[in-house]
Amino acid sequence: MTVAPIPKRKTRDIPAADPASLERDLRNLSLQYLQRCSELPLTHKEQMTLAKLYAGAKRLHQAVREGAVAEAIVEISSNLIGCEQMALVLMGEQWDSLNFIGSVGLNLKQLEAMRMNAKGIIEEAPADAIYIQSEAEKPDLFLSSLGVTAYVPFFLDRTTKGAIVFFNLLPQRNGLDSADRELLKLLCAYAGPCLASGTTKDQEIRG
């Protein structure tokens, strides 16, 4: 089974975040995933991957229409990936401070550690590819020291970098699997454009 390709966004080469285009792309992606779920034969792993991608694309499509993408990303991270501690952050033009636009489960110590190490997180983390600690040949010692298990980068525009930073998973999760990896790729491709297209709630969050 071949999963529908997820377009890659080049670092600092962000296309115009047109809500209508994003809605169309995400709607078509979700329909492709739904259609492939009905194809036989599929292994359990393939069904789980397509189901997660369908749910993620559909939720982002709905969020773009509602202008509440940050809220949707937190929801996807919690409900579909099973992460009990995560943060959605933006880094300003100077890239030495973090602006939290969504989070769940983080305590004050973790939030302060991220703020104090903002520059280090930006410099250590990959610019245009997801990072999963358990899959890395050489896990990043700095990110590991902060308890980061996965990192999904994106660009809101040419000067504002963002990231979805994952910490602890739910107790019943034994780590991220291949279905999670595909969902993280979807977020890597669409989180930036979707947030940039946001109105109402997302604009209020970004200030």
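Here the shortest heavy-atom pairing between V64 and C194 reads CG2-SG, 3.6 Å. Looking at every heavy atom in both residues, H61 comes nearest to E23 through CD2-O, 3.0 Å. Smallest separation of non-hydrogen atoms from P153 and K161: CB-CE, 4.3 Å.
In this structure E112 satisfies the side chain to side chain donor-acceptor pair (under 3.5 Å) test with no other residue, sequence neighbours excluded. With sequence neighbours excluded, no residue satisfies side chain to side chain donor-acceptor pair (under 3.5 Å) with D177. Every residue two or more places apart in sequence or in another chain that forms a side chain to side chain donor-acceptor pair (under 3.5 Å) with S144 is listed here: Q133. For N107, the side-chain contact (heavy atoms from CB on, under 4.5 Å) partners are K109, Q110, not counting sequence neighbours. Checked against side-chain contact (heavy atoms from CB on, under 4.5 Å), S145 has the following partners two or more places apart in sequence or in another chain: F142. Applying the salt bridge (Lys or Arg N to Asp or Glu O under 4.0 Å) rule to R181 yields the partners E135; only residues at least two apart in sequence or on another chain are considered. Legend: residues meeting side-chain contact (heavy atoms from CB on, under 4.5 Å) with S38, ordered by chain and number and at least two apart, are absent. By the salt bridge (Lys or Arg N to Asp or Glu O under 4.0 Å) test, K52 pairs with D180, sequence neighbours left out. Take R59 and apply the side-chain contact (heavy atoms from CB on, under 4.5 Å) test, not counting sequence neighbours, and it matches Q62, A63, E66, E71, A72, E75, I76.
Note on F166: it clusters hydrophobically with I132, by side-chain heavy-atom contacts below 4.5 Å among ILVMFWY residues. A continuous path of hydrophobic side-chain contacts links V104 to L80 [ILVMFWY only; heavy atoms under 4.5 Å]. Both V148 and L111 belong to a single network of hydrophobic side chains, linked directly or stepwise wherever heavy atoms of I, L, V, M, F, W or Y lie under 4.5 Å apart.
Taking CG of L29 as the reference point, atom CZ of R24 lies at 11.5 Å (rounded to 0.5 Å). Note that CZ of F167 and CG of L146 are 6.5 Å apart. Values are rounded to the nearest 0.5 Å. Here Y151 contributes atom OH and I130 contributes atom CD1; the two are 13.0 Å apart, rounded to the nearest 0.5 Å. Rounding to the nearest 0.5 angstrom, the gap separating the OG1 atom in T149 from the CG atom in L169 is 5.0 Å. Annotation: the span from L195 atom CG to I101 atom CD1 amounts to 5.0 Å, rounded to 0.5 Å. Between atom OH of residue Y33 and atom NZ of residue K58 there is a gap of 15.0 Å, rounded to the nearest 0.5 Å.
Looking at L88, L187, I73 one by one, the single match for side-chain contact (heavy atoms from CB on, under 4.5 Å) with F154 turns out to be L88.
Taking the side chain as every heavy atom from C-beta outward, L98 and M91 approach each other to under 4.5 Å. Side-chain contact check for K45 versus S178: some heavy-atom pair is nearer than 4.5 Å. Side chains of L176 and L184 form a contact here, defined as non-hydrogen atoms less than 4.5 Å apart. By the 4.5 Å heavy-atom criterion applied to side chains, P171 and E84 are counted as neighbours.
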Show the numbers, then the answer: is there a side chain to side chain contact (heavy atoms under 4.5 Å, CB included) between I164 and S77? CA-CA 9 Å; I164 311 168; S77 301; 4.0 Å; yes
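Remark: the backbone N or O of D140 is paired with a side-chain donor or acceptor of Y131 at under 3.5 angstrom.
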